[in-house]
Amino acid sequence: MAATLTYDITTPAVIALQIATAGRPDDEALAATVDGAPVAITEVAGSGGPLGGRTHLVTCGRGKLVVTYAGNGPIPAARATAPTALDRIVALRPSRYCPSDRLAGYAARYRRGDERATVQAIVADVHDSLVYDGTATGPTTDAIDTLLTGRGVCRDYAHLTVALCRAVDVPARVAAVYAPGLDPMDFHLVAETALADEWVVWDATRLAPRQSLIRVATGRDAADVAFGTVLSGTVQLVDMTVMAVADGDLPTDDHERPVRLP
């Protein structure tokens with residue numbers, strides 16, 4: 001996994017980053033420079049909990065900020081965890097990009113005899129109903145906007161999946177991931193639902209096999225898992241590259257059977 005973010009910093013800035021994997025690979029490097037000079041990066045104490053990911057802060061002056069991340073090898077700190085009672089409560093609440101309280105009537109059509117079948121129906125319909133279109137979405141686009149336009153990118157597919165699941169009382173959240181096999185390559189957003197005693201990952205875009213996904217951050221919606229959040233200063237992201245590869249051939253994914261994301 002690797003990522004490079006390039007920012008133009010017009011006034012001194014503080015940026016919160018979520019680009020390191022949720023676990024800690026055996027081989028990992030995160031660094032930043034401004035106009036070629038090293039800048040300190042600090043990990044926020046207590047980050048990496050059930051919501052959010054490992055958050056790092058960069059404090060820098062004016063110039064060109066370049067942030068690089070690379071991680072290789074297994075991730076021993078990442079383990080699949082069962083949803084707690086609190087996880088389920090939080091994952092049922094409406095959120096900024098997933099206004100599920102406004103979709104209850106529409107979502108009722110997806111109810112099946114059990115939760116798994118209900119989620120499978122939602123994911124299949126989101127996949128079939130939307131057109132992947134990077135020009136049709138923006139930073140304020142929510143699940144209802146996506147439902148009405150029928151177009152979007154991975155975050156829109158994930159938001160609509162999550163909102164519809166919550167609307168039929170299935171706890172759901174999003175996960176930001178590195179996705180080997182994704183085309184076009186980018187940071188990727190998928191949905192997770194609490195089924196029985198486990199979180200199950202779903203990707204309505206079907207653009208990458210779920211078995212190879214590597215978790216970066218977890219949250220209610222994209223606002224919780226943004227790869228970069230400007231806390232202060234005048235900042236513009238001018239370039240970004242992401243790379244995710246897996247050893248050997250990528251697995252085959254029918255995007256119907258349950259898959260767990262560590």
Side-chain angles (χ1 to χ4, degrees), residues 1-9 12-81 154-155 174-190 201 208-219 222 224-233 235-250 261-262:
M1 301 81 64
T4 300
L5 309 177
T6 303
Y7 295 92
D8 280 340
I9 311 297
V14 179
I15 304 171
L17 301 169
Q18 290 186 109
I19 60 175
T21 57
R24 299 176 187 273
D26 291 338
D27 181 13
E28 179 184 59
L30 178 61
T33 61
V34 172
D35 295 338
V39 175
I41 298 180
T42 58
E43 185 165 352
V44 176
S47 65
L51 284 180
R54 293 167 56 203
T55 301
H56 294 83
L57 288 182
V58 178
T59 302
C60 62
R62 291 179 295 177
K64 179 176 286 187
L65 170 67
V66 178
V67 178
T68 59
Y69 174 75
N72 298 293
I75 306 176
R79 295 289 183 269
T81 58
C154 64
R155 61 174 265 161
V174 301
V177 298
Y178 286 103
L182 184 67
D183 185 18
M185 181 55 67
D186 203 339
F187 290 116
H188 197 45
L189 197 69
V190 295
V201 62
R210 293 169 295 160
Q211 300 93 325
S212 297
L213 300 180
I214 301 168
R215 188 189 303 273
V216 176
T218 310
D224 287 338
V225 300
F227 64 81
T229 302
V230 178
L231 303 181
S232 65
V235 177
Q236 181 178 4
L237 179 67
V238 295
D239 191 36
M240 179 176 71
T241 59
V242 178
M243 182 179 68
V245 296
D247 293 334
D249 295 333
L250 290 172
L261 180 64

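No experiment lies behind these values; they were computed from the predicted model shown.
- Among all heavy-atom pairs drawn from A2 and Y178, the shortest one is O-CE2, 3.9 Å.
- Side-chain atoms of R215 come within 3.5 Å of backbone N or O of L261 as a donor-acceptor pair.
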Would you check, one step at a time, whether the test side-chain contact (heavy atoms from CB on, under 4.5 Å) holds for T241 with M185? CA-CA 8 Å; T241 59; M185 181 55 67; over 6 Å; no
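- For the pair V177/I214, no side-chain contact is recorded, criterion being any heavy-atom separation below 4.5 Å from C-beta on.
- Between C60 atom SG and I41 atom CD1 the span is 10.0 Å, to the nearest 0.5 Å.
- For the side chain to side chain contact (heavy atoms under 4.5 Å, CB included) with V67, the qualifying choice from L17, T6, T33, V39 is L17, the only one to do so.
- Between V225 and T218, the shortest heavy-atom distance links the atoms CG1-C, 3.5 Å.
- Shortest non-hydrogen contact noted between P180 and L250 is CB-CD2, 3.9 Å.
- V58 has its side chain within reach of L65: a pair of non-hydrogen atoms, C-beta onward, lies under 4.5 Å apart.
- Residues G61 and V34 approach most closely at O-CG1, 4.2 Å, considering heavy atoms.
- With a 4.5 Å cut-off on side-chain heavy atoms, I19 and F187 count as touching.
- A side-chain donor-acceptor contact under 3.5 Å links R210 to the backbone of V201.
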Test side-chain contact (heavy atoms from CB on, under 4.5 Å) on V190 and L213; report intermediate values, then the result. CA-CA 10 Å; V190 295; L213 300 180; 4.0 Å; yes
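- In plain terms, the two heavy atoms of V230 and G233 that are nearest each other are CG1-O, 3.9 Å.
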Could you walk me through whether I15 and H56 satisfy the side-chain contact (heavy atoms from CB on, under 4.5 Å) test, starting with their C-alpha distance in whole Å, then the side-chain angles of each, then the deciding distance to 0.1 Å, before giving a yes or no? CA-CA 8 Å; I15 304 171; H56 294 83; over 6 Å; no
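- Atom CG of D35 sits about 8.5 Å away from atom NZ of K64, to the nearest 0.5 Å.
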Using the side-chain contact (heavy atoms from CB on, under 4.5 Å) rule, take T21 and Y69 through it: C-alpha gap first, then chi angles, then the decisive distance, then the call. CA-CA 10 Å; T21 57; Y69 174 75; 3.4 Å; yes
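- With contacts defined as side-chain heavy-atom distances shorter than 4.5 Å, the pair L57/L231 qualifies.
- Here the side chain of Q18 pairs a donor or acceptor atom with the backbone of A226 at under 3.5 angstrom.
- Annotation for L189 and A222: closest pair CD2-CB, 4.3 Å, computed over non-hydrogen atoms.
- Rounded to the nearest 0.5 Å, atoms CG (N72) and CD (E28) are 10.0 Å apart.
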